[in-house]
There are 2 protein chains.
Amino acid sequence: MGILERKEREKEEMRRKILDAARKLFLEQGFEKTSIRNIADAIEYSPATIYLYYKDKNELLFALHEEAFLKMMEELSKVVSVKDPFERLVEMGHQYIKYAVENPELYDLMFIMTAPMETLACRDEIWEDGMKSFCLLQTVVEQCITGGYFKKDLDVEIASLTIWSYMHGLVTIYLKNRMNMFGDDRQLERMQLSYKMFVEMLKISFK
Amino acid sequence: MGILERKEREKEEMRRKILDAARKLFLEQGFEKTSIRNIADAIEYSPATIYLYYKDKNELLFALHEEAFLKMMEELSKVVSVKDPFERLVEMGHQYIKYAVENPELYDLMFIMTAPMETLACRDEIWEDGMKSFCLLQTVVEQCITGGYFKKDLDVEIASLTIWSYMHGLVTIYLKNRMNMFGDDRQLERMQLSYKMFVEMLKISFK
DNA sequence: TTGTTTACTAAACAGTGTTCATTATATTTG
DNA sequence: CAAATATAATGAACACTGTTTAGTAAACAA
C-alpha cells in the first residue's frame with residue numbers, strides 16, 4: 001500500500017509549501033509584519049490549515065531558523081579552502097559579517113529573537129544549530145593553536161566565546177541601527193576598521 | 001493667570017503617571033506582554049486617554065529608553081572614583097555587564113529593540129543617549145592613552161567601538177538565551193572568564 | 001454502497017494598536 | 001450667575017493578530 005507513503009509525501013510537500021511562503025513573506029516584509037493569515041493567503045489555504053502542519057508560529061520561525069543555520073554553515077565552511085589557519089579565522093569573520101549584513105532578518109531570527117529558543121525550551125532540546133556553528137569556530141581556533149599562531153594553553157572555549165561575542169556585538173549594533181548615531185554613512189567602513197583592529201588584537205594577544 | 005501653569009503641571013503629572021505604570025508593567029511582564037489597555041487599566045483611565053499624552057506605543061517606549069540611559073549613565077559614571085585609568089575602564093565593563101544582567105528588559109529597549117530608533121527617525125533626531133554613553137567610553141579610553149596604558153596613535157573611536165561591540169555581544173548572547181547551548185549553569189561564570197580574557201587582550205594589544 | 005478516516009475551513013475567541021465621534025467637565029465670556 | 005466655549009476623557013469601532021473548535025467535504029476501506 002503505497003498510499004500511506006504518498007500521503008506522507010503530500011504532507012511533506014505542504015510543509016514545504018507553507019515554509020516557502022513564510023520565508024518569502026518574512027524576508028520581504030519582516031517577521032513583525034507577516035501574519036499567519038498572510039501566509040495562508042499566499043498559499044491559498046485557510047489560516048487554520050497551517051496549524052495542521054506547524055504547532056504554532058514559533059515552530060514556523062524555528063524551521064526557518066534551522067534553514068538559516070544551514071545556509072550560514074555553508075557560507076562559513078567555505079573557509080576550509082584557506083590554507084593558513086589564522087587567515088582562515090580572519091576570513092571566517094569576514095564571512096560572518098557578510099552573512100549578517102546580507103541577511104539581517106535571518107540573523108535576527110538566529111541570534112536575537114527569542115521565539116526559536118522558546119520552541120527548543122518546550123521541546124526540552126538543546127540549541128544544536130548554535131552549538132554546531134560554535135564548534136566550527138572552536139575548530140578553527142584550535143587549528144590556529146596547532147599552526148603556532150595562538151599559544152598552546154589558550155582556553156579554546158572561552159577564546160571562541162570572546163571572538164563570537166565581538167563579532168555578534170559588532171553586527172548587531174549595525175543591524176539594530178545603533179550605528180547611525182555617528183551621523184555619517186560610513187557605517188560599513190567603521191565595521192571593517194573595527195574588525196581589522198580586532199584581528200590585530202587576536203594576533204598579538206593570543207600568541 | 002496661574003491656571004495655565006497648573007494645567008501644564010497636571011499634564012506633566014499625567015505623563016508621569018502613565019510612564020510609571022508602563023515601566024512597572026513592562027518590567028514585571030515584559031514589553032511583548034504589556035498592552036496599552038493593561039497600562040490604561042493600571043491607571044484607571046481609558047486606553048484612548050494615553051494617546052492624548054503619548055503619540056503611540058513607540059513614544060512610550062522611547063521615554064522609558066531615555067530613563068534607562070539616565071540610569072545606566074549613573075551606574076557607569078561611578079567609575080570616576082577609580083583612580084587608575086585602565087582599572088577604571090575594566091570597572092566600567094563590569095558595571096556594563098552588571099547593568100545588562102540586572103535590567104534585561106531595559107537593555108533590550110536601549111540596544112536591541114528598533115522601536116525607540118523608529119521614534120528618533122520620524123523625529124529626524126540623532127541617537128543622543130547612545131552617543132553620550134559612547135562618549136563616556138571614548139573618554140575613558142583616552143584617559144588610558146594619557147595614562148600610558150594605551151599607545152598614543154590608537155584610533156579612539158574605532159577602539160571604543162571595538163570594546164563596545166565585544167561587551168554588547170557578550171551580554172546579548174547571554175540575555176537572548178544563546179548561552180544555554182553549553183548545557184550547564186555556568187553561564188555567568190563563562191561571561192566573567194571571557195571578559196577577563198578580553199581585558200588581557202586590551203592590556204597587551206592596545207599598548 | 002456504507003462506514004470511517006482524513007483534510008480542510010468558517011467562525012469564533014480573546015486579544016492587539018489606534019482613531020474618532022460623543023460626552024462630561026472645566027474655564028471663559030457676555 | 002448663565003450661556004458659550006474650550007478642554008479632557010471615553011465608548012465604540014476599525015482593522016488587525018495568533019489560535020481553537022465544531023462542522024463539512026472528500027478520500028479511503030470494508
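Note that the structure is a prediction, hence the values are computed from the model and not measured. By convention in this document, chain letters (A, B, ...) are assigned in the order of the sequence lines, proteins followed by strands, and residues within each chain are numbered from 1.
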Asker: Flag yes if more than 12 heavy atoms outside A/Lys17 fall under 6.0 Å of its NZ atom; otherwise flag no.
Answerer: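 No, not enclosed.
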Asker: Rounded to whole Å, how long is the line connecting atom CD of A/Glu32 with atom C1' of D/dG18?
Answerer: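 Whole-Å distance recorded here is 14 Å.
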Asker: Closer than 4.0 angstrom, basic N to acidic O: yes or no for A/Glu200 and A/Lys203?
Answerer: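 Yes.
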Asker: Could you tell me how the ring of A/Tyr149 sits relative to the ring of A/Phe86: parallel (under 30°), tilted (30 to 60°) or perpendicular (over 60°)?
Answerer: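 Judged by the thresholds at 30° and 60°, the geometry between A/Tyr149 and A/Phe86 is parallel.
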Asker: Can you find a side chain N or O atom of A/Tyr53 that sits less than 4.0 Å from OP1 or OP2 on C/dC8?
Answerer: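 Yes.
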Asker: May I have the distance from B/Glu13 (atom CD) to D/dA8 (atom P), rounded to whole angstrom?
Answerer: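 Roughly 14 Å, once rounded to whole Å.
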Asker: Rounding to a whole Å, what distance do you find between A/Leu52:CG and D/dG18:C1'?
Answerer: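 Result: 15 Å.
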Asker: What is the distance, rounded to the nearest whole Å, between atom CD1 of A/Ile50 and atom C1' of D/dT17?
Answerer: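 The answer, rounded to whole Å, is 13 Å.
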Asker: C/dT9, OP1 or OP2 - any side-chain N/O from A/Thr49 closer than 4.0 Å?
Answerer: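 Yes, such a contact exists.
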Asker: Specify the separation, in whole Å, of atom CG of B/Leu60 and atom P of C/dT18.
Answerer: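 In whole Å, C/dT18 P lies 10 Å from B/Leu60 CG.
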Asker: Starting the side chain at C-beta, find the nucleotide from D/dT19, C/dG17, C/dA7 nearest to A/Lys11.
Answerer: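 Between D/dT19, C/dG17, C/dA7, the one nearest the side chain of A/Lys11 would be C/dA7.
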Asker: Would you call B/Arg15 and B/Glu59 a salt bridge, using N to O less than 4.0 angstrom?
Answerer: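 Judged by the 4.0 Å cut-off on N to carboxylate O distance, B/Arg15 and B/Glu59 do not form a salt bridge.
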Asker: Nearest whole angstrom, please: distance from the P of D/dG18 to the CD of A/Glu59.
Answerer: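 Distance check: A/Glu59 CD to D/dG18 P gives 15 Å.
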Asker: Without decimals, in angstroms, what is the distance between A/Ile18 CD1 and C/dC8 C1'?
Answerer: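 Those two atoms, CD1 and C1', are 12 Å apart.
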Asker: Could you verify whether a donor N or O on one side chain and an acceptor N or O on the other, from A/Gln138 and A/Glu142, lie under 3.5 Å apart?
Answerer: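 Checked: A/Gln138/A/Glu142 side chains show no N/O donor-acceptor pair below 3.5 Å.
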Asker: Closest to the A/Tyr51 side chain: D/dA27, D/dT20, C/dG17?
Answerer: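 For A/Tyr51, the side-chain atoms sit closest to D/dT20.
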Asker: Listed in order of residue number, which residues of residues 36-48 of chain A have a non-hydrogen atom at under 4.0 Å from DNA chain C?
Answerer: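 Residues of residues 36-48 of chain A that come under 4.0 Å of DNA chain C are, in numerical order, A/Arg37, A/Tyr45, A/Ser46, A/Ala48.
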Asker: Nearest 0.5 Å please: distance from the CG atom of B/Leu136 over to the OH atom of B/Tyr96.
Answerer: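 Answer rounded to 0.5 Å: 11.5 Å.
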Asker: DNA chain C: B/Lys57 or B/Glu10, which has the more 5' nearest nucleotide?
Answerer: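 Mapping each residue to its closest nucleotide by heavy atoms, the 5'-most match is B/Lys57.
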Asker: Under a 4.0 Å N-O cut-off, is there an ion pair linking A/Glu91 with A/Lys78?
Answerer: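 Salt bridge: no.
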